[in-house]
Chemist: 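I have a structure here, written as structure tokens, and I will follow up with some questions on it.
Whatever order the structure lists them in is the order used to number ligands and atoms, beginning at 1. In what follows, residues are counted from 1 in the order of the sequence shown.
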Amino acid sequence: MNIQWFPGHMAKTRRLIAENLKLVDVIIELLDARIPFSSRNPEINSLINNKPRLVAFNKSDLADDKVSGQWIQWYANQGIKCILINSITGKGLNEVKARAREMMSEKIERERAKGKIFTPVKTMVVGIPNVGKSSFINKIVGRATAVTGDRPGVTRGKQWIRINQEIELLDTPGILWPKFEDQEVGLNLAFTGAIKDDIMDTSEVAMELLYRLSLLYPKELYTRFKLEPASIKNPEPLELLETVGRKRGCIISKGQIDYSRISAIVLDEFRGGKIGRITLEKPDERDLKDSQELFL
Ligand SMILES: Nc1nc2c(ncn2[C@@H]2O[C@H](COP(=O)(O)OP(=O)(O)OP(=O)(O)O)[C@@H](O)[C@H]2O)c(=O)[nH]1
Ligand SMILES: [Mg+2]
């Protein structure tokens with residue numbers, strides 16, 4: 001499958017970030033804790049120049065704690081402190097605020113020496129579509145201000161939000177590279193819902209997801225769909241989708257599987273965390289090499 005992504009507002013997003021950069025002190029980069037590598041935008045470094053950057057792993061409630069710990073450690077080795085957050089409950093958001101001010105402590109001190117009592121730290125949230133930017137802003141501000149949605153691409157405009165005298169935020173639309181060099185990255189974005197379902201073949205996405213789960217989280221997968229490990233000798237993507245489809249009674253007629261229905265169920269349950277707390281990428285050698293390039 002070849003996933004392509006050509007959003008009309010991509011160029012606009014680039015311009016918006018470039019324009020607002022000079023107004024901002026700290027960039028808050030939201031990553032999806034389930035796919036910390038694929039949810040990075042490879043263009044982010046060139047887009048934000050040398051702005052101080054704070055990395056927050058959102059949707060940490062859906063991710064595997066053990067693997068999140070490995071990622072935190074891995075980023076720490078690169079000299080980058082990451083914070084695990086949940087934009088629905090607000091977990092980790094106070095740490096984000098404190099950390100953003102800490103990063104600007106020199107500026108705050110300088111301003112104070114000049115007699116300025118309050119120096120709000122100006123921040124900007126960036127991240128791929130559907131990563132939770134609007135939810136993050138709503139929660140950190142403490143009231144519903146930015147529009148959220150369960151589909152990518154909901155936010156189109158921009159808005160500055162003053163949280164208090166300490167911190168200000170700018171909401172920006174999600175950023176995604178126009179073309180995936182790596183098919184695996186494209187699939188990870190599809191699994192988690194960063195790419196609109198209607199531009200993909202959901203059956204293919206669902207069976208690829210099942211296949212990865214059978215390798216990474218077999219216990220969770222088999223438990224959720226009541227599968228007998230012995231009945232699946234050599235898990236293949238299509239066989240997994242068909243088995244799960246039969247288990248859930250997604251049959252059209254004459255034993256024919258209703259692929260679109262079972263695919264929607266699989267994706268929905270994965271995204272809702274019903275299969276378990278799952279992280280699809282570990283900081284292995286490949287990621288290490290690629291990411292080091294990204295950080296240069
Ligand atoms: N479980 C969980 N769900 C979250 C979290 N943060 C956001 N969500 C959900 O993820 C979906 C997308 O959230 P949004 O805040 O609309 O994401 P966004 O980045 O603003 O999306 P676009 O504006 O479309 O780019 C919504 O269904 C949120 O409820 C989180 O920390 N945990
Ligand atoms: Mg939004």
Side-chain angles (χ1 to χ4, degrees), residues 5-14 16-17 20 27-36 38-41 43-44 47 54-65 67-68 71-72 82-97 123-161 163 169-178 188-200 264 267-280:
W5 178 264
F6 298 108
H9 53 284
M10 184 67 199
K12 203 176 136 213
T13 295
R14 281 206 198 95
L16 194 112
I17 291 186
N20 290 302
I27 300 285
I28 299 171
E29 181 187 12
L30 293 191
L31 298 185
D32 186 324
R34 298 165 298 174
I35 49 165
S38 296
S39 59
R40 282 188 57 88
N41 186 315
E43 287 183 4
I44 194 84
L47 280 169
L54 204 164
V55 178
F57 281 20
N58 194 37
K59 308 197 183 185
S60 62
D61 54 307
L62 300 175
D64 182 336
D65 269 334
V67 185
S68 292
W71 276 106
I72 299 283
C82 295
I83 301 166
L84 288 180
I85 64 167
N86 176 341
S87 296
I88 304 295
T89 63
K91 181 178 164 269
L93 298 197
N94 282 339
E95 202 185 334
V96 168
K97 282 191 256 184
T123 61
M124 179 175 177
V125 177
V126 300
I128 61 166
N130 210 40
V131 73
K133 299 175 294 297
S134 301
S135 306
F136 172 87
I137 289 164
N138 290 344
K139 198 68 192 175
I140 208 164
V141 172
R143 62 195 144 88
T145 38
V147 180
T148 64
D150 58 3
R151 278 168 294 127
V154 169
T155 307
R156 291 252 146 74
K158 68 156 182 168
Q159 41 192 322
W160 275 105
I161 301 162
I163 296 177
L169 264 173
L170 170 71
D171 185 16
T172 64
I175 309 152
L176 201 66
W177 47 101
N188 280 330
L189 295 168
F191 297 153
T192 50
I195 298 173
K196 284 188 174 117
D197 282 340
D198 52 15
I199 66 159
M200 316 174 292
L267 292 175
D268 209 57
E269 296 195 359
F270 169 72
R271 291 170 188 166
K274 297 207 175 79
I275 300 176
R277 295 185 61 179
I278 287 161
T279 304
L280 294 165

Chemist: Verify side-chain contact (heavy atoms from CB on, under 4.5 Å) between Leu280 and Phe191, making sure each step is shown before the conclusion.
Modeler: CA-CA 10 Å; Leu280 294 165; Phe191 297 153; 3.8 Å; yes
Chemist: Is it the case that the side chains of Asn138 and Ser135 hold a donor-acceptor pair, with the cut-off being a distance below 3.5 Å and no angle test?
Modeler: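 No, no side-chain donor-acceptor contact under 3.5 Å.
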Chemist: I need the minimum non-hydrogen distance between Ala33 and Thr279, along with the two atoms involved.
Modeler: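 Closest approach of Ala33 to Thr279, heavy atoms only: O-CG2, 3.5 Å.
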Chemist: Which pairs pass salt bridge (charged side-chain N to carboxylate O under 4.0 Å, His left out) with one or both residues in residues 54-64, sequence neighbours excluded?
Modeler: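 The answer is none; no pair qualifies.
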Chemist: Mind checking whether Ser60 has an N or O less than 3.5 Å away from an N or O of ligand 1?
Modeler: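 No; every N/O pair is 3.5 Å or more apart.
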Chemist: Ligand 1 versus Leu30, non-hydrogen atoms closer than 4.0 Å: side chain, backbone, both, neither?
Modeler: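 Looking at Leu30 and ligand 1, no heavy atom falls under 4.0 Å.
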Chemist: Side-chain contact, heavy-atom cut-off 4.5 Å: Asp65 with Arg277?
Modeler: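 Of all side-chain heavy-atom pairs linking Arg277 with Asp65, at least one is under 4.5 Å.
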Chemist: Counting heavy atoms only, name the option from Ser135, Gly92, Ala56 that's nearest to atom 14 (P) of ligand 1.
Modeler: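 Checking each option, the heavy atom nearest atom 14 (P) of ligand 1 is found in Ser135.
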Chemist: Does any part of the side chain of Val126, heavy atoms only, come nearer than 4.5 Å to the side chain of Ile27, both counted from C-beta?
Modeler: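 A side-chain contact exists here, since the closest heavy-atom pair is under 4.5 Å.
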Chemist: Could you tell me whether any N, O or S atom belonging to Ser134 is less than 2.8 Å from the Mg ion (ligand 2)?
Modeler: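 Of the N, O and S atoms in Ser134, at least one lies under 2.8 Å from the Mg ion (ligand 2), which means yes.
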Chemist: Of all the atoms in ligand 1, which lie at a distance below 4.0 Å from a heavy atom belonging to Ser87?
Modeler: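 Result: 6 (N), 30 (C), 31 (O).
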Chemist: So, regarding Leu62 and ligand 1 (criterion: nitrogen or oxygen to nitrogen or oxygen, under 3.5 Å), is there a contact or not?
Modeler: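 Between Leu62 and ligand 1 (N or O atoms, distance only) the closest approach is not under 3.5 Å.
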Chemist: Give a yes or no answer on whether the side chain of Asn58 reaches the backbone of Val131 with a donor-acceptor pair at less than 3.5 Å.
Modeler: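 Flag set: sc Asn58 to bb Val131 pair under 3.5 Å.
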Chemist: Go through ligand 1 atom by atom and flag the ones less than 4.0 Å from a non-hydrogen atom of Asn86.
Modeler: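 Answer for ligand 1: 30 (C), 31 (O), 32 (N).
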Chemist: Run the numbers for me: atoms of ligand 1, each under 4.0 Å from some heavy atom of Ser134, listed by number.
Modeler: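 Going through ligand 1 atom by atom, the ones under 4.0 Å from Ser134 are 15 (O), 18 (P), 20 (O).
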Chemist: Any atoms of ligand 1 less than 4.0 Å from a non-hydrogen atom of Pro129? List them with their elements.
Modeler: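 Answer, ordered by atom number: 25 (O).
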